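Heads up, the thing below is written out as structure tokens.
Owing to the predicted nature of the structure, the values given are computational and were not obtained by experimental measurement. Just so you know, ligand 1 is whichever comes first in the structure, and atom 1 is the first atom listed for that ligand.
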Amino acid sequence: METPQVHNFGAGPCILPKSVMEQAASAVINWNQSGLSILEVSHRSPEFESVVLKTQLLVRELLKVPDDYSVLFLQGGASTQFSMIPQSFLKTKGAYLDTGYFAQKAIKEARFYGDVQIVASSRDRDYTYVPDCDNIHYDADYIHTTSNNTIEGTEIFNFPKLGIPHFCDMSSDIFSRPVNVRDFDLIYAGAQKNMGPAGMTMIIVRNALLKTVDKTLPSMSDYRVFRDNNSLYNTPPVFSIYVSMLNLIWLKDKGGVEGVEQLNIRKANTLYAEIDRNTLFYGLANVAHRSRMNVTFKMKDPSLEREFLDFAAERGVVGIKGYRTVGGFRVSLYNALPLNSVNILVAAMRDFEGLKYSSSIISNTEKELNKAELYA
Ligand SMILES: Cc1ncc(COP(=O)(O)O)c(C=O)c1O
């Protein structure tokens, strides 16, 4: 039986390019005609060491990482960074920008290590915007921000310049657009969105920052140990690093982060335009802070949401249910998702609207009133 075509809008682990999956599948059986699976090669073999090196070089090239930064591959997910950062760098106080669920998690972990200053928060409006934090006095060792709020659907487009070390969780928009690495002292990202399969966390860290760590730490919590051992202090997430390498080669072929950014803008604009046009739906995030990676929206009549999920699923649209704390829908538009999948979702939204209006007694005038009320 033929597998139906699926359009995977899941938030993560997320869609990867088919060609990358095919190469990964073949390497699981027989890697580079070696007769060995990528799953059973020694991480200390020269062949695998060259995979680590190539992946690092691709990261450097794609994100234009300056020479005085190190690129590390760790385990423990982005969540481990929530505690590893304060363990190393929080001496007196850490400043945090509270933009949602994952920022909150980072704040919770930092509190184990010292004082936390929440410099600004968008909690008052359910994290639907990115608070301004330009003119705030920072009496802290560092500021921590989250570039893309995966659950709430907001993204930072203008990073504040703060004058203290800036650490950023870029888990859900890394490699989706260019970033000026020099604006940050430490960037981290779980691989499972735009980089590769779950299991690896990438760190880009300014070497001078590591010199400021003035304490002895457990080895697995010490960035210096991973830097000094070129990410091979212990057994690394071999498969995740390997597939990330394949995926970054794919990204380079697509024109790098500059090329894919254009596609990501088109995909996001297409979907947001439909959300704004369609009388049944409304977007959750402040327009200026709408994420290109995770689009959150709801239905004006929430009782229709289940029906729309099923309606869309019949067209192969999966992974669009909103996070449990937010509800509604969350549509993720990571790099590997083609524009065609967005067009299919948009067509489903239009058709669903048509179905509702043709099967109801709502007159055109009422429809207009509805719309006016929605945007009032
Ligand atoms: C922005 C952000 N930070 C942190 C995390 C947690 O990542 P992990 O599951 O790798 O610990 C996620 C996961 O989705 C995320 O989106």
Set of residues satisfying ring-ring contact (aromatic ring centres under 6.0 Å, His included) with respect to Tyr113, sequence neighbours excluded: none
Please tabulate, one line per pair, the protein nitrogen or oxygen atoms found under 3.5 angstrom from a nitrogen or oxygen of ligand 1, with distances to 0.1 Å, or say none if there are no such pairs.
from: ligand 1; atom 1: 3 (N); to: Asp169; atom 2: OD2; distance (Å): 2.6
from: ligand 1; atom 1: 10 (O); to: Ala78; atom 2: N; distance (Å): 3.0
from: ligand 1; atom 1: 10 (O); to: Gln192; atom 2: NE2; distance (Å): 2.9
from: ligand 1; atom 1: 11 (O); to: Ala78; atom 2: N; distance (Å): 3.2
from: ligand 1; atom 1: 11 (O); to: Ser79; atom 2: N; distance (Å): 2.9
from: ligand 1; atom 1: 11 (O); to: Ser79; atom 2: OG; distance (Å): 2.6
from: ligand 1; atom 1: 14 (O); to: Lys193; atom 2: NZ; distance (Å): 2.7
from: ligand 1; atom 1: 16 (O); to: Thr150; atom 2: OG1; distance (Å): 2.5

Does the separation of the ring centres of Tyr142 and Phe167 fall below 6.0 angstrom? yes
May I ask you to say whether Arg182 pairs ionically with Asp68, meaning some side-chain N is under 4.0 Å from a carboxylate O? yes
Lys298, Met299, Met349 screened by side-chain contact (heavy atoms from CB on, under 4.5 Å) with Phe329, the one that passes: Met299
Qualifying salt bridge (charged side-chain N to carboxylate O under 4.0 Å, His left out) pairs, either residue in residues 243-256, two or more places apart: Glu61-Lys252
Of all residues at least two apart in sequence or in a different chain, which pass the side chain to side chain donor-acceptor pair (under 3.5 Å) check with Arg206? Tyr69, Asp185
